[in-house]
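Order of listing sets the numbers, starting from 1, for every ligand and every atom in it.
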Amino acid sequence: MTYTAPRGTRDILPEETPLWQFVEQKAREVFQLYNFHEIRTPIFEHTELFQRGIGADTDIIAKEMYTFQDRKGRSLTLRPEGTAAVVRAYLESNRHKQEPLSKLWYQGAMFRYERPQAGRYRQFYQIGCEVFGRGGAYQDAEVIATAQQLFAAAGLQNLEVQVNSVGCPVCRPRLKEKIQSFLGANLAQLCGDCRTRFGSNPLRVLDCKNPRCNEFLVGLPDLTDALCADCRTHFQSVHDYLDALQLKFQVNPRLVRGLDYYTKTVFEVLSGQLGAQNAVCGGGRYDNLVEELGGPALPAVGFAFGLERAVMLLQGQGAAVPGTLPYIFLLPLGAQADAQAVLLTAQLRRAGVPTEIDLADRGLAAKLKTASKLQARYVYIIGDNELHEKCGQLKDMRSGGQEKIGLAELAEIVAAKHREKN
Ligand code: ATP
Ligand code: MG
């Protein structure tokens with residue numbers, strides 16, 4: 001009997017992890033430049049947190065959550081996104097009372113019961129950030145700049161930043177009306193989801209993944225005309241700050257986000273390389289969520305990007321990050337040599353040298369073959385007859401050259417070579 005990974009999940013194998021680590025490292029570096037601090041929240045939360053935070057008629061709440069009861073009958077849910085939990089943790093730790101500005105970033109697995117396809121999984125990984133306490137347009141632009149710099153640092157090419165405004169509780173009703181009156185005549189032709197959304201949240205029709213629904217949006221008037229004066233000024237100001245930060249962007253008047261908590265600015269980072277799953281990153285402002293989740297009325301803005309999609313893009317560009325290989329492979333030949341070699345592994349690893357050992361009872365040729373398969377840079381051969389001289393042969397696997405080196409000197413000499421290389 002063999003097992004396979006559950007549908008919609010995948011293993012990230014050692015050939016791929018160096019690229020993941022590379023993106024994660026770049027994210028960490030760029031977040032530091034922008035004064036963000038890492039926060040880690042649980043993988044599951046009370047179901048209610050997401051119901052309250054994400055919005056009842058979003059796809060996530062309606063049909064995508066992994067919800068279960070624990071042994072005491074509590075309803076818990078594997079997190080489908082990061083923001084609600086970060087807001088919860090931010091409030092629970094009283095940071096809102098201690099710091100006027102909080103900039104938090106996170107990374108981790110998210111879970112959504114979606115139809116698996118390229119770039120779309122049921123367990124996937126996001127890196128994201130949230131800024132609490134700044135309502136001005138500058139912060140929106142800075143958050144977009146953070147995303148942009150992060151992708152540039154990771155070497156992602158040909159990305160496009162799209163921005164839009166989805167208004168606020170003052171003007172949202174007008175936006176909704178505009179969409180409803182435009183789509184009304186074709187309501188019966190829309191997909192089932194959109195017919196439901198039409199009444200409750202017509203903005204979400206703009207985000208429908210069904211191409212047939214998209215056809216009925218052709219000719220939709222520019223919704224920015226329906227924004228209130230405050231939202232319009234804010235949006236213009238975001239453009240100005242993006243220009244000031246020398247950031248290229250496109251206004252996409254159709255852009256809305258899948259979660260209900262957004263207000264004013266929304267944005268996405270898109271790639272032409274990803275096919276149907278073309279969004280790498282999405283985010284925006286959510287000025288009502290903190291209050292909605294029981295906190296004070298505090299403005300907030302953030303984004304999240306998908307690591308699978310970022311890594312897919314890098315692979316598509318031919319990027320590869322080599323993993324670490326053993327720098328030295330110890331090949332003892334005989335019982336006494338084995339004991340010496342075990343001691344040497346400890347010395348070498350303590351000295352910072354990636355080390356591997358082959359204690360198998362077999363000949364030199366077989367052991368050399370393994371060392372070369374594992375791409376060791378050096379091997380150190382200790383035969384029983386060299387042992388009385390307290391030395392072994394250090395073989396350079398690249399040049400084939402060989403030199404006699406004392407057991408006592410090996411760690412220091414090899415550590416020096418390794419440091420020189422790095
Ligand atoms: P999409 O429109 O592709 O469904 P979304 O609007 O649901 O994305 P968000 O919830 O804003 O996405 O999440 C931000 C990012 O997380 C996305 O841009 C994408 O890169 C990634 N992401 C979202 N859902 C998945 C998934 N099921 N599998 C892999 N990555 C995902
Ligand atoms: Mg989605």
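- The single protein non-hydrogen atom nearest to atom 28 (N) of ligand 1 is Y121 N, 2.9 Å, given as residue, atom name and distance.
- Comparing R112, Q117, R115, E114 against atom 7 (O) of ligand 1, the shortest heavy-atom distance belongs to R112.
- In this structure, the side chain of R122 does not engage the main chain of M110 through any donor-acceptor pair within 3.5 Å.
- Not one N or O of E308 is nearer than 3.5 Å to an N or O of ligand 1, by distance alone.
- Side-chain contact annotation: Q236 with D240, donor-acceptor N/O pair under 3.5 Å present.
- Taking distance alone, with nitrogen or oxygen atoms compared against 3.5 Å, D207 stays at or beyond that limit from ligand 1.
- One side chain, E160 or Q162, offers a donor N or O that lies under 3.5 Å from an acceptor on the other.
- Of the polar atoms of R309, at least one N or O is found under 3.5 Å from an N or O of ligand 1, judged by distance alone.
- Below 3.5 Å of separation, one finds an N or O of G306 facing an N or O of ligand 1.
- The aromatic rings of F132 and Y286 sit perpendicular to each other, their planes meeting at more than 60°, with 30° as the lower class boundary.
- Closest heavy-atom approach to atom 1 (P) of ligand 1 within the set Q123, R120, Q277, M110: this belongs to R120.
- Remark: the Q25 side chain and the E29 side chain contain an N/O donor-acceptor pair separated by less than 3.5 Å.
- Of the options F124, Y262, F303, the smallest heavy-atom separation from atom 26 (C) of ligand 1 is shown by F124.
- For ligand 1, the polar-atom distance check finds an N/O of V280 within less than 3.5 Å of one of the ligand's N/O atoms.
- Close approach of ligand 1 to K209 is summarised as follows: ligand atoms under 4.0 Å from at least one heavy atom of the residue are 1 (P), 2 (O), 4 (O).
- Take K63 and apply the side-chain hydrogen bond (donor to acceptor under 3.5 Å, both in side chains) test, not counting sequence neighbours, and it matches D193.
- Distances below 4.0 Å separate heavy atoms of C281 from the following atoms of ligand 1: 18 (O).
- Taking Q123 as the reference, Y125 meet the side-chain hydrogen bond (donor to acceptor under 3.5 Å, both in side chains) condition, with sequence neighbours excluded.
- The protein heavy-atom contact nearest to atom 13 (O) of ligand 1 is Q126 NE2, 2.9 Å.
- The single protein non-hydrogen atom nearest to atom 29 (C) of ligand 1 is G119 O, 3.3 Å, given as residue, atom name and distance.
- Here's the thing with A279: one of its N/O atoms is less than 3.5 angstrom from an N/O atom of ligand 1.
- Between the side chain of R195 and the backbone N or O of L190, at least one donor-acceptor pair lies under 3.5 Å.
- For atom 11 (O) of ligand 1, the closest non-hydrogen atom on the protein side is R257 NH2, 2.1 Å.
- Between the R112 side chain and the D59 main chain, no donor and acceptor come within less than 3.5 Å of each other.
- A donor-acceptor contact under 3.5 angstrom links the side chains of E130 and T83, judged on distance only.
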